[in-house]
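Counting starts at 1 for both ligands and their atoms, in listed order. Bear in mind the structure is a predicted one, so any value in this text is a computation, not a measurement.
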Amino acid sequence: MDAIEISDSDRYARCIQISKRVRWDIDDDVIRGRRFDAAHKFLPDGLSLADGFTTLSADEKRFVSQIQGRTYANVFGLVERFINAKILELTHDHLFGDQVALEALVRFSDEELKHQALFRRIETMVGEVLPDGYRFNIDPNAVARSVLGKSTWAVLALTLDIELFTQLHYRQAIDPDSELSELFKDVFLYHWKEESQHAILDELEWVRHDAGLTAEERDRAVDEFIELVAAVDGILQVQAKADAGYFAATCGRVVGEAEARAIEAAFLNAYRWQYIHSGAQHPHFGKVLSNLITENQGQRIQAALATLR
Ligand SMILES: [Fe+2]
Ligand SMILES: [Fe+2]
């Protein structure tokens with residue numbers, strides 16, 4: 001059968017339709033009166049890269065997954081701040097145009113505000129069952145201001161990367177693991193339900209915006225995308241250090257200098273996987289990106305990503 005051509009307007013309309021059907025409530029659907037239990041892992045092994053923490057016991061690896069779960073909530077709260085700001089900005093392109101596209105983006109924005117509220121709740125709830133001393137000292141507004149200083153093309157590239165990797169994260173979280181927190185699993189599930197539409201909208205907006213750029217503007221935007229990925233990596237390095245320090249201070253035994261360095265490296269490796277490579281390696285991301293850029297630009301991006309290993 002021939003592939004049926006779906007117009008962009010229909011794709012925006014479908015996103016609205018699905019968004020209405022899957023819409024959920026933070027308390028009624030996700031949290032449902034539950035609390036976290038420190039007996040469970042919060043992130044699955046496929047995301048926390050538990051095997052990479054070679055010097056730790058099983059209990060300590062579980063603690064690492066809980067620290068990473070708290071950081072997950074913080075990082076999403078942070079990236080969703082700039083994603084929402086960019087989406088609201090893009091609504092202006094549609095104000096007096098396609099009202100279906102406008103509605104799809106308004107719903108996107110509304111969902112992203114709800115997700116930030118969800119992740120703030122999750123962050124607080126995880127904090128209730130973990131030892132004191134955890135730090136996440138990165139200001140989402142400062143990051144958003146700096147990200148939004150880059151071109152729309154670069155921000156949309158990073159945004160599609162992020163919204164595609166939330167889908168992969170959900171798939172990791174549904175792998176059978178009886179030790180994984182049911183509540184955290186639901187965070188992945190419900191987030192994924194709405195993120196799936198966001199990824200489609202990111203792509204529509206990115207391709208639409210790209211069509212208005214000159215080759216020179218796009219070439220500069222490729223460099224800005226590389227700068228954004230490097231900035232994300234800078235955040236991950238800071239947090240890997242903070243989380244490794246928190247682990248060493250609260251795990252209940254002495255962690256020597258060499259082991260502390262290995263733990264920090266394992267945190268950074270996991271965070272780079274979660275927040276950079278799991279999206280950059282997503283087949284759909286590669287497909288959309290390669291349709292927009294030249295081979296040389298693709299090589300520049302790959303070379304930059306290769307330094308983050
Ligand atoms: Fe989200
Ligand atoms: Fe999203």
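A salt bridge between D45 and K61 is absent, with no side-chain N of the basic residue lying under 4.0 Å from a carboxylate O of the acidic one. The pair D175-R171 does not count as a salt bridge, with every side-chain nitrogen at least 4.0 angstrom from each carboxylate oxygen. Salt-bridge annotation for R253 and E60: present, with a side-chain N of the basic residue lying under 4.0 Å from a carboxylate O of the acidic one.
Of all protein N/O/S atoms, those under 2.8 Å from the Fe ion (ligand 2) are E112 OE2, E163 OE1, E195 OE1, E195 OE2, H198 ND1, and waters are not counted.
Grouping the Ile, Leu, Val, Met, Phe, Trp and Tyr side chains by contacts below 4.5 angstrom, directly or via other members, places L78 with M125. Residues W153 and V207 are members of one and the same hydrophobic cluster, defined by side-chain heavy-atom contacts under 4.5 angstrom among Ile, Leu, Val, Met, Phe, Trp and Tyr.
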Quiz item: Passes side chain to side chain contact (heavy atoms under 4.5 Å, CB included), D243 versus Y134? Steps please.
Solution: CA-CA 7 Å; D243 288 353; Y134 173 90; 3.4 Å; yes
